[in-house]
Structure formats: C-alpha cells, structure tokens
Amino acid sequence: MSEHALMSDPGTTGRFGDYGGRYVPESLIPACHEIEAAFRDAWADPGFRDRLTTTLTVYAGRPTPLTPARRLSRELGITLLLKREDLAHTGSHKINNVVGQALLAERMGRRRLLAETGAGQHGVATATAAALLGLEATVFMGERDIERQELNVRRMNVLGAEVVPVTTGSRTLKDACNEAMRHWVASVDDSYYCVGSVMGPHPYPWMVREFQRVIGEEARVQCGAELPAGVPDYVVACVGGGSNAAGTFAGFVGTTARLVGVEAEGGAAATSGRAGVLHGYRSLVLQDEHGQVREAHSIAAGLDYPGIGPEHAHLRDGGRARYATVTDDEVVRALVRLARTEGILAALESSHALAWVIRAAETGAVAPGSTVMLTLSGRGDKDIAAIKELP
Amino acid sequence: MSEHALMSDPGTTGRFGDYGGRYVPESLIPACHEIEAAFRDAWADPGFRDRLTTTLTVYAGRPTPLTPARRLSRELGITLLLKREDLAHTGSHKINNVVGQALLAERMGRRRLLAETGAGQHGVATATAAALLGLEATVFMGERDIERQELNVRRMNVLGAEVVPVTTGSRTLKDACNEAMRHWVASVDDSYYCVGSVMGPHPYPWMVREFQRVIGEEARVQCGAELPAGVPDYVVACVGGGSNAAGTFAGFVGTTARLVGVEAEGGAAATSGRAGVLHGYRSLVLQDEHGQVREAHSIAAGLDYPGIGPEHAHLRDGGRARYATVTDDEVVRALVRLARTEGILAALESSHALAWVIRAAETGAVAPGSTVMLTLSGRGDKDIAAIKELP
Amino acid sequence: MTLEEFLIARRDAGRSLLVPYVTGGIRPGWTDVVRAYVDAGADAVEVGFPFSDPMLDGVTIQEASDRAIAGGATVAGILAELAALDVAVPLFAMTYSNLVFQRSGAAFCAALRASGLRGLIVPDSPLEEVGELAGAAAAEGLDLALMAAPSSSPARLREIAGRSRGFVYAVTRMGTTGEGGGTSPAVARLGRDLKGLTDRPVLFGFGVSDPARAAELAGHADGVVVASALMRRLLDGTGPRELGEYVASIRRALDHREPDEQYAPLPRHRRRPDRQDQVGPLPRG
Amino acid sequence: MTLEEFLIARRDAGRSLLVPYVTGGIRPGWTDVVRAYVDAGADAVEVGFPFSDPMLDGVTIQEASDRAIAGGATVAGILAELAALDVAVPLFAMTYSNLVFQRSGAAFCAALRASGLRGLIVPDSPLEEVGELAGAAAAEGLDLALMAAPSSSPARLREIAGRSRGFVYAVTRMGTTGEGGGTSPAVARLGRDLKGLTDRPVLFGFGVSDPARAAELAGHADGVVVASALMRRLLDGTGPRELGEYVASIRRALDHREPDEQYAPLPRHRRRPDRQDQVGPLPRG
Ligand SMILES: Cc1ncc(COP(=O)(O)O)c(C=O)c1O
Ligand SMILES: Cc1ncc(COP(=O)(O)O)c(C=O)c1O
C-alpha cells in the first residue's frame, strides 16, 4: 500500500488492512450506516466544516500553540516542540472530537448524546458539547472509575449530564463501553453514541480520526514555521484508544517524520495484544490465552483500555508507525520533570509520550540534535492527586 | 481629570487620585524604586515587549477567544460575549501578570520569586512562570487556605515551588500578603516579590494593570470584529484585588462602554470599604470601626480579599466605573447556568460578573438588546468541590 | 441431519419450536441442565460460550458469563464436556466474535463440529462481517444462524433470511437479552416478514420470560429461544430438575396455545433445495 | 520638653538611651508595665497601637497585637489609659498607617497629644508618604520619628536624618521585628552614617534581645529600642515586676558597657536650632 493511501478514507467496509470493520449486533447496523452517510455528507459540506472550524476557534480555543520546550530541550540535547492540547477547552484534545460529533448528531436530529468514559475526560467533553448545543447527555462510567474520579463526575453533573454507574464486569472503562453500546441498541432512534476514541464500529475510527486531524494539520504548519527542516524527525503521541495519536499522525503520515505511539506498559495493546474483536471493531486487543479480554492497568486512567484503534494496528503492521511502552514510574518522573523545566503540568496520559522521548534522548535512541514534535494531549490538573510521591 | 488621563501612567508617586502610593517600610523602598525603574525601562524596550508577547502567545495560549454565549444570550435577551481567560495556561488571567513579572525579575537578575496566594491560582501561576524561566519560587499561603485548596498546593509542589504555610492572623490571603512582604524585606537582594493583583506599593498596581491590559486590548479588537457597534454597551469583570477587571477596563476606558466591576457581597471593598492603608497602598479597605482590617468572606477564594486595587477606588470616585455586589447564592446559580447553556465551567470568581449580568438583564437594569462583554477570568474546575448542591 | 433439517422436520410436524439456552460452564455439572432441557421437550439447545464483554447481553447473561469465566470455563473445556454428552436434539453455540476468531473461524468451526455441535450464532458478526465465517461453517456442515432486528430494512431482512442457516433468530426488541417486554405490532410484523422471505424456521428471542409470553410470540413465528428467564433461575440456585420443569411448562404452553387471532398463517415456502447436498450425520466425540 | 529634647538631654548627659516597648492593651493593667519600665530606667517608652496587619512585625509582636485586639484594645481605649498615667519619661506611639489615617493624620496626632504622648512612629509611612502626617505632628508638637534601613541610600539617609524628629530609628537588619541576629559591619556603618548626618539621637531597633546585644548595639549609636524580647516574656506570662527587672538588667549593661573598639566616637553635631520655638510642656490628661 502506498504511503499516500495510509490514513485516508477506509471506504464503506471501514477496513484498515485486516482491522476495523463493524462487529455490532444487527440492531445497530442501520444506525452505523446512517451515521456513516451523515458524516460523509457533512464532511463534504463546506457549511458544516465552517461551523466546526468556527466552534473550535471561537469556543474551544484552537489553534492550540506549539510551544518549544526550551529548558528540557537543552537538557536532552534535542529540540522538543509541544503541541498544546492541554490548552483546549475542557483540558484535552477530546473536545475536538466531541464538538464534531455533537454537531453531526444535531444535524441528524438526535436529541441525546451517549458516551462512555473512563477517567471522565471524554465524559466531560461530551457533557460540554451537549450543553453547548442544547442536547442531553448520558454518560456511562464504571462504578470503580466513579469512585476514583469523583471530581469529573461532579463536573459532568454541573454541566447537566446524567452519569450512569456501570456495575458489571470490572466496573471500568471497557464495561462502560459495553454498557453504552447496550444502551445505544435500546435508544438508537433518539440517541447518538458519541464514541471517545478511534474505536468502535465503522465509521467511528475513521470519523474520530478525521475530527482529530486538526491537531496534526495545525502542528504540521506550525512545525513548518518553527523548524529549519520544516518537518520534525519524530512525531510522538500517547495511545489509549489512539485518537490524539491518530489525529497527530494524520498531519505527518505523508512526511518523512517517524511516527511513534506510546502506550502504558500495563495497557499495551499494540505491543502485547493479539488480533481480536472488541467493542465493534477488529484490532489488537489485550486478552488472555482463552480470548477473554484483560483489564488494562496504567496510572493514567485514560490509557486503561485493552484495545487500540484499528488504524494503529494497521500502521504498526505496515511499519509506518512504531509503538513503544513506558512504565508508570517513568511517566511520573516525566510529568514532574516537564513541570519543573517548563511550568507545564501534563496529563499522565500525555506524560507517556514525554517519558518515551526522555528515555530515547537519554539513551541516544533519538540522536542528539533531533527534532521532536510531541502532542501534549491534555492537562494534568486531574492527575495531581494520583502522584503520591514526588520523585 | 479628562477621560484620557484615566488608566495611564501614575507617575513616580504611584497615585491614582487619592489612592495608591507606597506605604511600605523604609527597608523596601529601594526595592520598589528599583522595580519601578526596571519596569519603565523594560516597558519601553521593544525587545522585552516582544519576548513577553511571544511567551504569552506561544506558551500561554494568547490571544484567548471571545466566545458568543449564544444560548444564554437568547435566554437573557442580550448579546453576551465572553473573554475566555479560562483557556489561558494555568486556567486564569493570572498567567498574564506572572509571565510579565517573571521576565522582569529575570531581567533584574533575581533568582527567586516570592508570592502570596489565597485560592492558589496566583501561586500556581507564579510557580509556573518560575519553572519556565528556571527561577525558584516561594509561595506564602494561609494555613486555612492550604487545607481548603490542597490540590493547588500539590500543583505548586509538583512545579517545584516551596509553599510556606502562614499561621498568623486569620491564616488566609491577607495574612499571606503580610508574610510575603515580611519575607521580601528579609530577602530583597535576591528575591523578587511577584504581587498577584493590582495591589501593593507602587509600581505594582500600575505594572500589574499594564501586564493585564492584554485582556482588554484583545477584547477591544475582538468586539470590533464581532459587534455591529464595534464597542459593547457594558464591560463587566469580577473584582478581587481587581487585576482582571483593571486589565479589561484598560482596553475600554477610552470608549463609550459602561464599566462594571462585580465584587462578592462578603468582600466588597469598593462598596462597603472605607479609605485605608493595607499591604502597601492606600485604597478602599474593609475594616471595622476601629480600623482593624476585616476578613473578607466569599464562596470564591480568589475574592476573599478585604482591599481593592487603588485605581478601582479612583475609577469609582470619578464615576467612570461602577461597582456592584452579588451573593454567593446568585454566583453558584450563575455558574451552573453557564455550564448548562454554554458548556463552560467558569471559576466562582468569574461567575460573580456573570451573576450580575444575569440579574441586570432579568431586572431590565441592562436593557434588552444590550451588548455585554464579560471577562471570564478563569476556569471553575478548582471550584467543583465547593458547589455542594446543584440549584 | 443438520440443525436446520432437524428444526424444519419438527416444525413441519406441527410443533412450535422451543430452544432453551444455557451458559456453558456456569456450574459444575451444567450439562445436566442441557439434558433436563431435552427431557423437558426442547427442540434444540443453545449453549453460550461465555465472553468477558458480551455487548448484546443484559445483566442476567452477563452475570452468567462472568460466573462461568470465574469458574474457569473455556471454549475447549465446554467443548470437551459437550463432546461427552449424548442427547437427542441438536446443540448449537452462541458466542462473540473474539472467541470465534481466536485462531480462525475455520478452526473454531472445526472444533465445534468435532464436539458434535450443529450450528452457531455470533451476535456481533452481522451480515457485513460474516462472510469468512459462513464459509468456514458451511465447510464443516455447521449452520450459522443470523439475527434479524426490528430495525433491519426490508432489503437486509431479505439478505439475512437468505444467508441464515439453521433458523433465523428474530430479536423481539431493540435492546439486549433479558426478561420482560410486551409484544408490539413491530414484532408481529418482523415475524410475518421473515416468514414471507424464507421457509427456514423463524425463532423469536429476547424477553421470552414465561410460558404465556412464549406462546404469544410463537404465534408470530415458528418458536422461541428462552435464555435470561432460565439463567436468572439458575443463578438464583435453581437446579436442573426444576429448570427442566420450567422448560416443560413452556413446552406445554406452546403445545396448547390458543390459535392467535392476530396471526394469519402464511403459505409455506417450498423448502429450498440449495443445501441438500451437505446433509449427513455429524461425527460425535 | 519635646521627646527629642528629652532624649538629647539624657544622651548629652552621657547616658545610653533605652526605649522599651509595650503593646497597648495587651493585658489588663498593662500600664503597670509602662511604669515598671520607667522605674527600671527607661528613657522613653514606645507604646504599640495594635493593628490587624502589622507588615513590619515578626511573630512576637504580631501575637501581642492579635492578643490585644482580641482583648478589645482600640486606639481610643489605649489613649484613655495612657492619659491617666503619669510617668517621668516621654511616651510615644508606634502604629501603622491605617490606624493613623482612620479619620486623618491631624485628628490622630491631636488625640495623641491630648493623651500626653510626645511622638509617634509609623513603619509603613516612609519618606514619600509622610508629608501630610509630618505637618500634622509638627502642628501638635509631636515628634514623628522616621526609620532608616541598611538598604537606604546615602541620599535617603540624609533626608531621613533631616526630616526625622525625636530620634532616628535605625533598623539593624533587613527583616521584621524579632529577637536574634548578630551585628554586621553594615549595622555599625548605618549607625556611624546617621550619626554623621544628625545630632538627633540614633536608636537601634530590631533584634535587641538581651543585655549583651543591647550594649553591643548601643556602641554604634545612642541607644536601643527593645521590643520583642520583652513582649515574648509578657506573652509567656511574665509580670510587670519581672519585666522591669529585665529592663533594669539591660539598663545596667548599657551603663557599664566596655568601650567598643570598633566604635570610634564621632564629633557631635551642634544641636540644630530649627525646632526650638516649638518646645514647651505638653498638656496632660
Ligand atoms: C489527556 C488524554 N490523553 C490521551 C487520552 C487517551 O485517548 P486517545 O488515545 O484516544 O487519545 C485520554 C483519554 O482519556 C486523555 O484524557
Ligand atoms: C479566576 C480568578 N478570577 C479572579 C480573581 C480575582 O483576582 P483579580 O481581582 O485580581 O482579577 C482570581 C484570584 O485568585 C481568580 O483566580
């Protein structure tokens, strides 16, 4: 497959090589078709694109800056540029996707957004977009996550969203996804399922990547202005489901930049997963020898997901992107180091990407003098309580 | 005094009419002179201005958007525009000021920033700017505030700042100010006192207003593009010490816009204060009949301050700006209402301005069809825990 | 005889078809439940292979799945127990794609066949994803049944009816498995539509919670699948004998149901000859 | 006699000046403390009017101020008690600008004078803010003393020395009131510089914590102000009699101090005549 065909329209089957597809009950198939058609229509409509761009600009704070991390760069002997999704409204890149999907849901005449959430970031973003457009929002969240992320639950409540505790399975994100799907089956006429990452049945992985593409496209232009070579040597992003990475990579897949996705050691579907089907799509999935899906474990709640977007599986297989893992320990150290050298509190999720860059620069795996563009997917205020001991 | 002279350079005495000045111990006078001289020099230096502008743009996320609050506007029968300081790095307008002062401190060869903080917002911003420039930061914070704002304490620690508990007096913000001043006296050679609002001895009230002027200047241009009349009928901001209001007003003082500062009922120095001297400047101060300074009480920690910037006292006396108060109850309702109509969680501080607009629009005090530009000084994530019951 | 031939033969004998469900490995000796079902008059038995993330299942089957997995249930283990079981009606598997595709659809089907199962149903493999698996099932002589939903368009119903094997699984509602829910005109219409499209048995599933409901639904099709109502009882401690009695009560309700006024019998399609060449007994064990 | 005249007279008599401090209203009967100071050999007594936000005070005087305010101390109340007090040395007030400007500097000075005080010192009214108050004090015949700091430039020292009345309060360190701290060459220099600029008494304050330190500092100027060391004891429960004994011990140390080698006595300036016309007894009570 030519480079150019990578990260383009996966067609009506929603396949990225062996991955993707639409593994959902028959009851949901018409809804998936309808959403695909609506998205194709909207995406080709300059009016919709304008409204989306305006909302992202005037409301969500785009474009986000590309910040040179000067002091950390000096320490590492590289040039590190940070794409600042932490400055986007609600504090992460999640808003790019939900604004897009909420506008689509409105266009489709839906009155309610359904969403799953783990740490609560996507839930907050969904509640936000729903409030902005006057839609209702119902957010499914594992009971254990509700306990761990009380503040985000409260944020959603203040925003007027209903948060439904999920008490099945491991009572975390993957069960919230199941429950959201189940609820969607039962309310597909008036509800729109606002998926939080490049996962789920076609057209979601593609559509979410397209809504997140703005990260990569902005960064590409900003790198052009900032770097003598115009293009960085490395483009790095963390990978939970993989939406910030997909949106970032989409801006650079046609360049010479090396693409690196960084997962949590305890949630490394791209590295330790096997091909499987979960939540409506075929991809790499963490599972035991019998095919039961394993719970992911990471200090970053947003990376506690046992799957990975199907397009990432495809990028990995073809070698266009590589995927690495870092440990919780490295992540906390990276977070604190960035805070102290640049005054930026990155989310634990984003700190995975950073931890990899630090390690790679310090071991020489990323050569001295290299230029690195890193997507800082969100802010770390939500994570402060989780950092028990300062390294 | 002509309109034009308002909000200009207060000269070497730092007087705004009867207010302002430099009521500090002799030990601090040389430092005040030195800072004034350094600021005048820097402010006239295009190199400094460039560096400040670049840092605010590339690092802190400026310009912040001006967001039309469409659904709330419709409900209120007015046009409400929100200046989104909540999207600035660290989550409030405080960053504008600390970046300016930190660059100045660096220019003056200081190695350490001192700051007082109440809710922790200015402390976090100071810790941030210090990290960015490789300076040390020591933040004074009342013991009671430390208990109430544990997360911000932790943020400062992660950013590498030292947080010094203040155990004197009411153990809140005003005591933290005293303690910061005392510490400054003792370390004036290597430390720079980074004041958090338009308060303190000359040149601080003026300098902080100048660093915050960017809010008003951006908003002025944005209103010009957004509003048919170019200028809004009302410009509204909350007032703690008064820095976001001063920065906002500075952009509109020469226009026909009516300027409104909104204080907390329990911390309303402009409304219930008497002329007095506190923390190095003469202004309106909340005090008992004997001249003892009263503790301010507000649900918004950032407005728990018994003084008000001297320039505000002057604007009030001359009638160029008016000052109003709102109750805690109105504020919480305003916060929730904005969250549910626009998907924006405003800080409790900023929600004061909003509560006034809502009341004024609903009572007709602000006529239907009016245009209102409101500075949303910060984001409300920090306040979620304080909202006990949803109205 | 294939699953489909077996069910058609029974149906054509004038019998309303009854297919009870059990989650494989839900308790030690769970195959006794299968036997009890058969003894109580089941026409086939659906055996669930528990999956950690059963997207289309409601709380009861989720709980049953969790309990089976916690008890060590695996595909291989369940198949081994089924291979040792000798009952007079066909058994078929219900599971999710992730278990089916562990190695490959072909390997999964071969294993089912080796253990004597006659068919399978995979709720998260709709028409668009079912191609490879359908080939593999056919190659092993297994019937891969497809699901039809109230939301399916006429064109899709036609395709489902045409490509489903064994029977067509018509879901009574937009929702997950679970008890409760009334009959809506849409359900009657779905049954009628499907029966107009195929001669294969059409079974209703989802919310077949008691004998009366079973009888009512059977009036709109060829029979019913009963799952959550049984699993609820099993989870609550009911043993094989009582479960069998409950299935027998449904059997009786189906056998003696009043002619349903709403149900105008449709002309039977001629049996389609397209798969006759595949018929033949499956090896056991 | 003005405060300044009184102090100059004593100094010129060869005496090292000793000015102990007490926070007004710190305990019932606190004026006994003033009396005890005077009996122990104080040359003047500094009375603090407690303020809620004493920017230049360390923990001890803060605590003393808080206690006095909590006990109901007010400017009017303290003045009333002072008016009833008859002691042989002048008293002067120490407080912050906010209390001074409650009504106006003039009103404040008039009240002080009416209660028999001879001067005042306002740590947060430096040269640039002191103009109006200086006029008001002069009009009431009160001496407004100014502070000089180690950080003051030569030009500022000259202006402070010129505009201060009563004495010049030289702070020994860059910091707040409080005990502890050694003598630095800078302190010696500050004393020398001030004494080179004015014939007014120069008193050291801040960190005069014990007799030895008092004697040492007095070697660089005309005397000392002792505050925190006394207030610490008072807060810890020490009574007027023992406080008096402590002041007496400082008195003895000052009276018998060894000639300080580092201290080269400077030529005394001629007394400046500029305020002689204002001299005269102040009314009492
Ligand atoms: C800040 C942040 N970054 C990254 C992620 C991971 O999601 P994705 O891989 O889809 O970008 C999350 C998910 O919650 C997040 O909150
Ligand atoms: C969000 C926010 N707004 C307003 C204020 C009040 O400060 P000022 O009146 O100086 O703008 C604060 C102070 O902490 C704040 O955090």
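The figures that follow rest on heavy atoms only: side chains count, while hydrogens, waters and symmetry mates do not. Below, chain A is the first sequence line, B the second, and so on; all start at residue 1. As the structure is a prediction and not an experimental result, all values here were calculated from the model.
No part of A:Ala161 comes within reach of chain B, as not one of its non-hydrogen atoms sits under 4.5 angstrom from that chain. Contacts of B:Leu133 with chain A are made by backbone atoms alone, with heavy-atom separations under 4.5 Å and no side-chain atom involved. Residue contact with chain B, scored on non-hydrogen atoms closer than 4.5 Å, involves the backbone and the side chain of A:Ile384 alike. For chain A, the nearby part of B:Ala60 is the backbone; its heavy atoms alone come within less than 4.5 Å. Only the backbone of A:Ala88 comes within less than 4.5 Å of a heavy atom in chain B; its side chain stays farther off. Using a 4.5 Å cut-off between heavy atoms, B:Leu87 contacts chain A through both its backbone and its side chain. Within the 4.5 angstrom heavy-atom criterion, no atom of A:Leu338 approaches chain B.
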What donor-acceptor contacts under 3.5 Å connect chain B and chain A, backbone and side chains included?
residue  : atom : partner  : partner atom : Å
B:Val58  : O    : A:Thr67  : OG1          : 2.6
B:Tyr59  : O    : A:Arg84  : NH1          : 2.8
B:Tyr59  : OH   : A:Glu342 : O            : 2.6
B:Tyr59  : OH   : A:Gly343 : O            : 2.9
B:Thr67  : OG1  : A:Val58  : O            : 2.6
B:Arg71  : NH1  : A:Ala131 : O            : 2.5
B:Arg84  : NH1  : A:Tyr59  : O            : 2.8
B:Arg84  : NH2  : A:His89  : ND1          : 3.0
B:His89  : ND1  : A:Arg84  : NH2          : 3.0
B:His89  : NE2  : A:Gly343 : O            : 2.8
B:Ala131 : O    : A:Arg71  : NH1          : 2.5
B:Arg154 : NE   : A:Ile387 : O            : 3.3
B:Arg154 : NH2  : A:Ile387 : O            : 2.2
B:Arg154 : NH2  : A:Lys388 : O            : 3.0
B:Arg155 : NE   : A:Asp381 : OD2          : 3.0
B:Arg155 : NH2  : A:Asp381 : OD2          : 2.8
B:Asn157 : O    : A:Arg340 : NH2          : 2.6
B:Val158 : O    : A:Arg340 : NE           : 2.9
B:Arg340 : NE   : A:Val158 : O            : 2.9
B:Arg340 : NH2  : A:Asn157 : O            : 2.7
B:Glu342 : O    : A:Tyr59  : OH           : 2.6
B:Gly343 : O    : A:Tyr59  : OH           : 2.9
B:Gly343 : O    : A:His89  : NE2          : 2.8
B:Asp381 : OD2  : A:Arg155 : NE           : 3.0
B:Asp381 : OD2  : A:Arg155 : NH2          : 2.8
B:Ile387 : O    : A:Arg154 : NE           : 3.4
B:Ile387 : O    : A:Arg154 : NH2          : 2.2
B:Lys388 : O    : A:Arg154 : NH2          : 3.0

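Chosen from B:Ala131, B:Pro63, B:Pro68, B:Gly160, the residue pairing most often with chain A at heavy-atom distances under 4.5 Å is B:Ala131. Top candidate by heavy-atom pairs under 4.5 Å with chain A, chosen from B:Ala129, B:Ala385, B:Gly134, is B:Gly134.
The heavy-atom pair separating A:Val58 from B:Pro65 by the smallest distance is O-CB, 3.3 Å.
Between B:Val158 and A:Leu345, some side-chain heavy-atom pair lies under the 4.5 Å cut-off.
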